[in-house]
2 protein chains.
Amino acid sequence: MTDSPFPVSEIVASRRPHRKDAARNYDALVTAAREAFAERGADVSLEDVARRAGVGIGTLYRNFPTRRDLFESVYADEVNALCRAAVDLAGLEPWEALTSWLDRFTGYMVTKRAVREALNDESEIFQACRDSMYAAGGPLMERAQKAGAVRTDMEIGDLLRMVSGITATAFDDDAQRNRVLGIALDGVRAGR
Amino acid sequence: MTDSPFPVSEIVASRRPHRKDAARNYDALVTAAREAFAERGADVSLEDVARRAGVGIGTLYRNFPTRRDLFESVYADEVNALCRAAVDLAGLEPWEALTSWLDRFTGYMVTKRAVREALNDESEIFQACRDSMYAAGGPLMERAQKAGAVRTDMEIGDLLRMVSGITATAFDDDAQRNRVLGIALDGVRAGR
DNA sequence: ACTCTACTGGAGGCAACCCTCCGCTTCAAC
DNA sequence: GTTGAAGCGGAGGGTTGCCTCCAGTAGAGT
């Protein structure tokens with residue numbers, strides 16, 4: 001919509017079709033795919049996604065010629081939301097702001113099982129997503145570093161990989177996941 | 001073979017068939033499967049595994065009626081090796097011993113992409129694997145805790161999940177992976 | 001050496017999913 | 001309101017992987 005400092009916004013907008021029914025179907029597909037990826041992993045059957053979205057399989061293929069195209073759109077959508085969240089957090093204390101954002105990160109990243117691979121993908125759109133995410137999270141990180149809350153021998157990419165790795169693994173329950181994440185984040189704090 | 005404190009050893013031994021050709025094929029299958037899982041993920045085609053092992057698909061299915069059976073055997077094999085490694089490390093300094101073992105952990109766990117799920121699986125054999133692994137790693141952990149090297153508000157299960165989560169994610173290179181792992185392990189050290 | 005048993009391997013039927021294609025429908029511009 | 005273009009959906013052909021079944025083969029005890 002409005003211009004944004006994050007390249008991913010352009011991409012998200014440019015892919016959505018113009019006609020009314022087409023746009024509605026496009027949205028339904030992305031939503032359905034997000035849910036499907038979240039609960040059955042990144043290799044759900046595309047037929048299943050189309051069914052969830054209430055559209056024909058042909059419509060899915062017209063919008064997303066390959067599985068990757070679909071995943072890219074879902075992912076870009078989440079990154080986009082995440083970038084906007086980073087801006088809203090500027091008011092908080094540096095460490096607080098950073099961890100709150102990481103919280104959102106684990107929340108939005110419903111596609112997390114597949115994010116692992118996306119993080120190292122060379123394609124243009126993933127590049128843009130990564131750049132946008134670093135552009136969103138980098139400042140929070142640097143601010144926390146300048147404030148002496150975060151060690152200076154690491155960067156935002158390290159942190160995101162750490163967090164996404166941990167949150168993507170299976171735990172007994174959320175309590176354990178948070179505990180472990182907290183421990184790892186203790187390693188991130190400055191001054192040991 | 002010889003009796004061992006780790007339940008997983010029994011299981012590994014009990015599954016291997018007696019006849020010579022059968023045993024040879026069994027071994028070939030487990031090895032082929034380990035390689036295949038390592039390089040193409042846990043959903044390789046079983047036909048491919050059989051081909052790698054140089055046996056017919058029928059032979060594979062006789063030994064391993066389901067994909068899960070095959071994965072269990074590969075996994076149990078690795079856990080078994082890992083348990084034995086833990087015993088050998090008793091001589092080192094507590095912290096050193098623990099981190100060396102974690103090193104082996106990430107090395108042996110070629111099946112790591114699938115380990116994530118295995119860690120929470122309820123089946124008998126995974127239970128035994130988990131128990132064995134905790135029995136092997138637990139003492140190293142506790143020793144490090146008694147020595148004041150590791151924080152006391154966590155246990156071996158937390159640590160293994162943390163490590164396996166991080167090592168299973170994609171990184172630019174090994175240097176980054178080790179750096180991030182090191183940071184997380186700093187959070188594990190006592191006395192912050 | 002012989003036999004009986006356990007094991008072998010791959011042909012083939014089945015199911016799932018992929019993706020294309022095209023007759024029908026809906027939109028929006030005029 | 002008309003019309004042409006854009007979009008719709010699902011039938012169906014192709015591919016791939018799963019798993020069974022059984023005629024043939026090789027090991028172990030005698």
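Just so it is clear: chains get the letters A, B, ... in the order the sequence lines come, proteins before strands, and each one is counted from 1. If you're wondering where the values come from, they're calculated on a predicted model, not measured in any experiment. Computed over heavy atoms, backbone and side chain alike; hydrogens, waters and symmetry mates excluded.
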Could you walk me through whether B:F71 and B:F126 pass the side chain to side chain contact (heavy atoms under 4.5 Å, CB included) test, one step at a time?
CA-CA 10 Å; B:F71 177 66; B:F126 283 127; 3.6 Å; yes
B:D172 vs A:R161, side chain to side chain contact (heavy atoms under 4.5 Å, CB included): CA-CA, chis, key distance, verdict
CA-CA 10 Å; B:D172 290 336; A:R161 282 187 167 88; 3.3 Å; yes
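Other residues, nucleotides and ligands contribute more than 12 heavy atoms inside 6.0 Å of the CD atom of B:Q127.
Atom CZ in A:F64 sits roughly 14 Å away from atom P in C:dC19 (whole-Å rounding). In this structure, A:L70 atom CG and C:dC19 atom P are separated by 12 Å, rounded to whole Å. If you take CZ of B:R51 and P of D:dT16, they are 11 Å apart, rounded to a whole angstrom. As rounded to whole Å, 14 Å separates atom P of C:dC22 from atom CZ of A:R62. We find that NE2 of A:H18 is positioned 12 Å from P of D:dA6, with the value rounded to whole Å. Summarising the geometry, the separation between CD1 on B:I57 and C1' on C:dA11 is reported as 12 Å, rounded to the nearest angstrom.
Atom OG1 of A:T152 and atom CE of A:M141 lie 9.5 Å apart (nearest 0.5 Å).
In this structure, A:R189 does not pair ionically with B:D186, as no charged nitrogen and carboxylate oxygen lie closer than 4.0 Å.
Comparing atom distances between the B:Y61 side chain and each of D:dC19, C:dA28, C:dT20 picks out D:dC19 as nearest.
Contact annotation: A:T59 does not reach the phosphate of D:dG7 (side-chain N/O to OP1 or OP2, under 4.0 Å). Between B:R19 and D:dA28, a side-chain N or O to OP1/OP2 separation shorter than 4.0 Å is absent.
B:T106 contributes no side-chain N or O that, together with a main-chain N or O of B:T167, makes up a donor-acceptor pair within less than 3.5 Å.
Positionally, the nearest nucleotide of DNA chain D for A:G56 lies more toward the 5' end than for the other of B:R67 and A:G56.
Contacts between residues 21-48 of chain A and DNA chain D, counted as heavy-atom distances below 4.0 Å, involve A:D21, A:A22, A:N25.
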